[in-house]
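Single-structure report; data block below.
Here the structure is a predicted model, which is why all the values come from computation and not from measurement.
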Amino acid sequence: MPQDTPAAARDASWLARNAVDSLPDGALAAKLEEAARLGRPMRVKFGIDPTAPDIHLGHAVVLGKLREFQDAGHVVVLIIGDYTARVGDPSGRSTLRPMLSGEEIDANSATFQEQALRILDSDPRKLEVRRNGEWLDMPMIDLLSLVRTTTVAQLLEREDFAKRWSAEEPISILELLYPLLQGYDSVAVDADVELGGTDQKFNLLLARDIQRHYGRAQQAIMTMPILAGTDGKRKMSKSLGNQIGVTDPPGEMFGKAMSIPDEAMEEYYRLLLDSRSPEGSTLEAGKLQGSSARDAKRRLAHQLVAWLHSEQAAQDAEQEWDRVFAQHELPQEIADAALPAGETVHVPALIAEEFGISRSEARRLLEQGGVWLGEEQLGGEDQDVAVSRADGQVLRVGRRRFRRLKAS
RNA sequence: GGCGGGGUUCCCGAGCGGUCAAAGGGGCGUGGCUGUAAACCACGUGGCUCUGCCUUCGAAGGUUCGAAUCCUUCCCCCGCCA
């Protein structure tokens with residue numbers, strides 16, 4: 001191993017902050033030192049699965065870290081797993097992921113790239129986008145030489161495989177193959193470093209073995225923590241409905257950020273804002289109470305919007321949020337809803353129409369006092385309301401759905 | 001190939017001939033409290049022209065006055081043995 005220069009060691013420890021693992025010890029510093037010595041940037045690999053195109057803040061943790069590498073002058077190699085997606089990854093649970101068509105994958109990949117570029121630097125000297133179909137669509141003979149790099153016992157070391165093995169649950173060959181294919185990606189793109197979530201640790205490490213078998217330099221690996229969703233408990237994921245998307249509109253992003261539990265704030269600050277917020281890492285969990293906690297969360301929400309949209313958008317979103325949720329005033333902009341012709345409006349029908357819920361659900365909301373007309377709370381008996389009474393009023397359903405009613 | 005277990009409403013999961021739109025929990029929603037936090041309380045959570053009607057318990061048939069519950073065939077999942 002080459003001698004670390006102090007500068008490389010310092011850079012390595014800066015880049016590795018917040019990471020769960022940076023392995024092997026000293027490898028990142030050595031890579032940095034080597035890159036500096038050869039006068040070339042490091043190639044930092046990150047693979048994504050184009051089955052679910054929407055990027056949320058959970059992805060943003062790793063993407064933000066990749067951005068730090070870019071800002072330090074290195075190249076991010078973004079690998080779109082188009083080939084692996086086409087096969088269908090059964091990883092983890094019993095449900096097979098659906099196989100996607102070429103068109104879906106293309107569409108998802110495009111969406112993903114566009115969203116990732118909100119965080120990554122798109123400068124072609126700092127970003128390389130590749131598809132693993134470029135090299136994984138290989139002849140059987142090549143696949144066989146890939147699979148001979150690894151034994152079943154090695155694969156069974158992975159925690160989830162080990163668990164399922166001892167519980168006598170099924171493990172498909174395809175699943176076993178995935179780490180190998182992913183590892184081969186590292187060979188194909190000559191990765192110096194690979195990043196991923198902590199759930200990727202095994203795969204990232206296995207890629208090192210595969211690189212060695214192919215006579216390549218072995219990558220350093222770094223794993224980032226998994227961000228909790230807006231419920232503060234389970235990991236952020238679209239299927240759990242607890243995600244904040246990086247392309248969510250400012251108002252929505254602000255609101256969702258305000259709804260996270262206090263305990264999750266510290267983590268959000270640290271993992272998402274730490275390199276761009278002066279107070280980020282100084283926020284101490286558990287120290288905040290009452291209004292100071294609320295204010296800290298406001299700053300969190302503000303900074304997230306400022307990061308992913310703009311400072312102006314953040315100011316607007318905060319102001320609007322204040323209006324509606326702190327001062328309980330009406331939003332600045334309310335969409336119009338045309339009242340049907342006639343003497344009376346059937347309120348459940350109107351709500352169902354405007355907000356895309358069923359009439360039954362609208363009726364329940366009405367009965368439970370979730371519907372207001374102007375200042376007046378409607379009840380179960382107010383199914384039909386005179387048009388003259390509704391015209392010009394603001395209809396509010398629940399806390400956040402508004403329409404200004406206009407007679408037609 | 002043989003043997004066995006299983007597919008229930010968003011999820012888990014009870015039901016095993018009528019009293020079942022289907023227990024219980026989770027999640028979610030609404031109201032209260034409040035900081036769109038937590039905790040807590042209440043109510044709700046298939047649809048509709050709503051004291052009733054319609055559709056739902058993997059699919060299709062059948063038995064029955066009546067089926068999520070019984071029978072037949074099919075599809076799918078899981079385990080064991082080979």
Opposite nucleotide pairing with [N], Watson-Crick or G-U, both atom distances under 3.5 Å:
| N | result |
| --- | --- |
| A21(B) | none |
| C80(B) | G2(B) |
| C70(B) | G62(B) |
| A39(B) | none |

Within a 6.0 Å radius of atom CD on Q315(A), are there more than 12 heavy atoms belonging to other residues, nucleotides or ligands? yes

Is it true that atom CD1 of I141(A) has more than 12 heavy atoms of other residues, nucleotides or ligands lying nearer than 6.0 Å?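 Counting other residues, nucleotides and ligands, CD1 of I141(A) stays at 12 neighbours or fewer.
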
Nearest-angstrom distance, [atom1] atom, [N] to [M]:
| N | M | atom1 | result |
| --- | --- | --- | --- |
| U36(B) | G25(B) | C1' | 26 Å |
| A21(B) | C16(B) | P | 15 Å |
| C57(B) | U9(B) | C1' | 8 Å |
| U64(B) | G18(B) | C1' | 11 Å |
| U55(B) | C28(B) | C1' | 23 Å |
| G15(B) | U69(B) | P | 15 Å |
| U19(B) | A67(B) | C1' | 15 Å |
| C53(B) | A68(B) | P | 16 Å |

Sorted by first residue and then second, give each salt bridge (charged side-chain N to carboxylate O under 4.0 Å, His left out) pair with at least one member in residues 342-356 of chain A; sequence neighbours left out.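 Salt bridge (charged side-chain N to carboxylate O under 4.0 Å, His left out) check on residues 342-356 of chain A returns E354(A)-R403(A).
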
Do the ring planes of F254(A) and W321(A) sit parallel (below 30°), tilted (30 to 60°) or perpendicular (above 60°)?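 Ring orientation of F254(A) relative to W321(A): tilted.
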
If you pin W372(A) and W321(A) to their nearest nucleotides in RNA chain B, which one's is more 5'?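 With W372(A) and W321(A) compared, the 5'-side residue is W372(A).
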
5'-most by nearest nucleotide on RNA chain B - R234(A) or H328(A):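 Checking each residue's closest nucleotide, the 5'-ward one belongs to R234(A).
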
Rounded to the nearest 0.5 Å, what's the gap from CD on E157(A) to CG on L206(A)? Could you check?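 Those atoms lie 9.5 Å apart.
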
Within this structure, what is the [atom1]-to-[atom2] distance between [X] and [N], rounded to whole angstrom?
| X | N | atom1 | atom2 | answer |
| --- | --- | --- | --- | --- |
| F325(A) | U34(B) | CZ | P | 17 Å |
| M258(A) | G35(B) | CE | P | 11 Å |
| R299(A) | A37(B) | CZ | C1' | 15 Å |
| N242(A) | U36(B) | CG | C1' | 16 Å |
| D231(A) | G26(B) | CG | C1' | 12 Å |
| K297(A) | G35(B) | NZ | C1' | 7 Å |
| Q327(A) | U36(B) | CD | P | 11 Å |
| R298(A) | G35(B) | CZ | C1' | 9 Å |

Could you write nucleotides 38-48 of chain B as a row of B, S and -, 5' to 3', where a protein heavy atom under 4.0 Å of any base atom gives B, of only sugar-phosphate atoms gives S, and otherwise -? -----BSS-SB

If the threshold is 4.0 Å, N to carboxylate O, is there a salt bridge linking R389(A) and E376(A)?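 Salt bridge flag = yes for E376(A) with R389(A).
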
Can we say K65(A) and E68(A) salt-bridge, meaning some charged N sits less than 4.0 Å from an Asp/Glu carboxylate O? yes

Under 4.0 Å, counting only non-hydrogen atoms across every strand here, what does G255(A) touch: a base, just sugar-phosphate, or nothing? base

Under 4.5 Å between any side-chain heavy atoms of R118(A) and T247(A), yes or no?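 Answer yes - side chains close enough.
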
